[in-house]
Amino acid sequence: MSRPRRDPDLVRAYVRTGGRSRPTRALDLVSLVVAVADAAPGASADARRILQLARRGVLTLAELAAYLDLPPSVVKILVADLLDSGHLAVPTPVEALPGKALLEEVLDGLRALSA
């Protein structure tokens, strides 16, 4: 009786995440990320692949998981690591940015404090 062959490219999820089972920050499948820096020397193959995809534009974690053929839980951990290291960023929607009037009020308030 022959044993089933194992896929030589199969790497267990706990190996890809360094044994961690939870990301360092709250992320969900529709969280958007974009690459802001190149991979660091010695970065894992998964980190390099994520950054390569995220350089093309803003992607959700679900899209990254699908492109990489990895479980979303693993992608969340890897993306959180890249966010923590400053290689990825979460883009801020334009409507969430403060208006010019509010920024001017804050600046005036800071100036009043220093006077």
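Hydrogens, waters and symmetry mates play no part in the numbers below; they use all other heavy atoms, side chains included.
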May I have all residue pairs that pass side chain to side chain donor-acceptor pair (under 3.5 Å) and include part of residues 66-90, sequence neighbours excluded?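 Of all non-adjacent pairs touching residues 66-90, those that pass side chain to side chain donor-acceptor pair (under 3.5 Å) are Arg20-Asp81, Thr24-Asp84, Arg25-Asp84, Ser85-His87.
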Pairs in or reaching into residues 97-108: which pass side chain to side chain donor-acceptor pair (under 3.5 Å), with residues at least two apart or in two chains?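 Checked against side chain to side chain donor-acceptor pair (under 3.5 Å) - neighbours excluded - no pair reaches residues 97-108.
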Check whether any side-chain heavy atom of Asp46 lies under 4.5 Å from a side-chain heavy atom of Leu68, and answer yes or no.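 Answer no - side chains too far apart.
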Taking atom CG of Leu51 and atom CG of Leu82, what is their separation to the nearest 0.5 Å?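 Output value for this atom pair is 5.0 Å.
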Going from CZ on Arg49 to CG on Leu70, what distance comes out if it is rounded to the nearest 0.5 angstrom?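 CG of Leu70 is found 6.0 Å from CZ of Arg49.
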Enumerate donor-acceptor pairs with a distance under 3.5 Å from any side-chain N or O in residues 27-45 to protein atoms, sequence neighbours excluded.
residue : atom : partner : partner atom : Å
Asp28   : OD1  : Val30   : N            : 3.2
Asp28   : OD1  : Ser31   : N            : 3.1
Asp28   : OD1  : Ser31   : OG           : 3.1
Ser31   : OG   : Asp28   : N            : 3.0
Ser31   : OG   : Asp28   : O            : 3.2
Asp38   : OD1  : Arg55   : NE           : 3.4
Ser44   : OG   : Ala47   : N            : 3.0

Do Leu61 and Ile77 share a hydrophobic cluster, counting only Ile, Leu, Val, Met, Phe, Trp and Tyr and linking them when any side-chain heavy atoms are less than 4.5 Å apart?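 Cluster IDs for Leu61 and Ile77 differ.
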Given the rule that I, L, V, M, F, W and Y join up when any side-chain heavy atoms are under 4.5 Å apart, are Val90 and Ile50 in one cluster?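 Hydrophobic grouping puts Val90 with Ile50.
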For residues Pro23 and Ala80, report the shortest heavy-atom separation together with the two atoms involved.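 In terms of heavy atoms, the two residues are closest at CB-CB, 3.8 Å.
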